[in-house]
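Take a look at the structure below.
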Amino acid sequence: MIWLLALTIWVTVSAGIYLALSRDVFRCVFGLGILGSAVILALFASGRLGSVQPAVIPLGETVLHDAANSLPQALALTAIVIGFALICFSLVLALRLIQRADTDDTQALRMSEPLPTDPVKPPYNGAEHEPTLPAASHASAPSSREAAA
């Protein structure tokens with residue numbers, strides 16, 4: 001049973017990565033959703049799969065024997081809700097991006113950076129926008145902790 005689940009997780013992760021690396025925006029969003037499903041399957045695999053007993057401690061005992069762990073089940077349920085919200089938000093964001101750019105090709109979206117003459121948001125020019133580092137003379141001076149000691 002665990003080998004079948006491991007194979008299913010591997011196929012799901014492979015399909016999710018393949019779709020997430022696609023040039024189509026909707027395929028990227030669906031790839032993220034499929035990767036979320038793979039995480040949920042991995043959470044299920046972290047609990048005990050073969051047990052059919054509920055996670056209820058019988059009266060008078062303090063230890064639970066041979067029962068499914070309820071924590072991975074609760075985490076998986078939470079991951080399903082968060083993944084659904086992420087996919088809904090990503091789809092709305094992708095639809096708005098496609099409407100604004102008039103394309104769903106990620107390669108064309110990469111080329112939609114601002115022009116060099118744009119006064120509002122100039123493009124990145126490399127060394128001109130790099131932060132300047134302080135002079136090297138500070139490296140040889142003792143720090144405040146060393147001076148106090």
Side-chain angles (χ1 to χ4, degrees), residues 1-134 136 138-139 143-145:
M1 178 74 175
I2 192 69
W3 290 106
L4 180 64
L5 188 62
L7 179 67
T8 305
I9 292 171
W10 178 77
V11 168
T12 308
V13 167
S14 299
I17 289 174
Y18 176 77
L19 288 175
L21 294 177
S22 176
R23 286 181 63 172
D24 187 29
V25 174
F26 283 121
R27 285 185 181 180
C28 292
V29 171
F30 288 129
L32 289 175
I34 290 173
L35 281 173
S37 298
V39 168
I40 293 168
L41 287 173
L43 281 173
F44 273 132
S46 68
R48 191 169 295 167
L49 296 175
S51 178
V52 293
Q53 289 183 340
V56 177
I57 299 174
L59 191 62
E61 292 188 24
T62 58
V63 179
L64 189 62
H65 297 288
D66 297 329
N69 191 356
S70 61
L71 181 62
Q73 294 172 3
L75 289 175
L77 184 61
T78 305
I80 289 170
V81 172
I82 292 172
F84 181 72
L86 174 73
I87 294 302
C88 289
F89 178 74
S90 298
L91 282 175
V92 169
L93 190 65
L95 283 173
R96 181 67 177 125
L97 178 69
I98 290 169
Q99 285 176 352
R100 185 153 184 180
D102 292 329
T103 185
D104 65 345
D105 187 21
T106 56
Q107 196 69 17
L109 290 173
R110 189 174 298 189
M111 299 302 171
S112 64
E113 291 294 319
L115 297 173
T117 58
D118 189 4
V120 177
K121 184 179 178 185
Y124 177 75
N125 289 2
E128 181 181 325
H129 289 96
E130 290 295 324
T132 57
L133 298 174
H138 293 287
S143 66
S144 61
R145 289 183 185 169

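Atoms OG and CD1, from S14 and I34 in turn, are 11.0 Å apart once rounded to the nearest 0.5 Å. Here the straight-line distance linking atom CZ of F44 with atom CG of L77 works out to 8.0 Å at 0.5 Å rounding. Rounded to the nearest 0.5 Å, atoms CD1 (I82) and CD1 (I87) are 12.5 Å apart. Rounded to the nearest 0.5 Å, atoms CZ (F26) and CG (L95) are 4.0 Å apart.
Sorted by first and then second residue, the side-chain hydrogen bond (donor to acceptor under 3.5 Å, both in side chains) pairs with a member in residues 88-99 form an empty list; sequence neighbours excluded.
The two residues C28 and S22 have their closest heavy-atom pair at SG-O, 3.2 Å. Smallest separation of non-hydrogen atoms from A45 and L5: CB-CD2, 3.4 Å. Pairing each heavy atom of T12 with each of T8, the nearest pair is OG1-O, 2.6 Å.
Partners of V13 by side chain to side chain contact (heavy atoms under 4.5 Å, CB included), not counting sequence neighbours, listed by chain and number: I9, I17, L35, A38. For I80, the side chain to side chain contact (heavy atoms under 4.5 Å, CB included) criterion is met by I40, not counting sequence neighbours. Partners of R23 under the side-chain hydrogen bond (donor to acceptor under 3.5 Å, both in side chains) rule, at least two apart in sequence or in another chain, are D105. For L75, the side chain to side chain contact (heavy atoms under 4.5 Å, CB included) test picks out L43, L71, with sequence neighbours left out.
With contacts defined as side-chain heavy-atom distances shorter than 4.5 Å, the pair T106/V25 qualifies.
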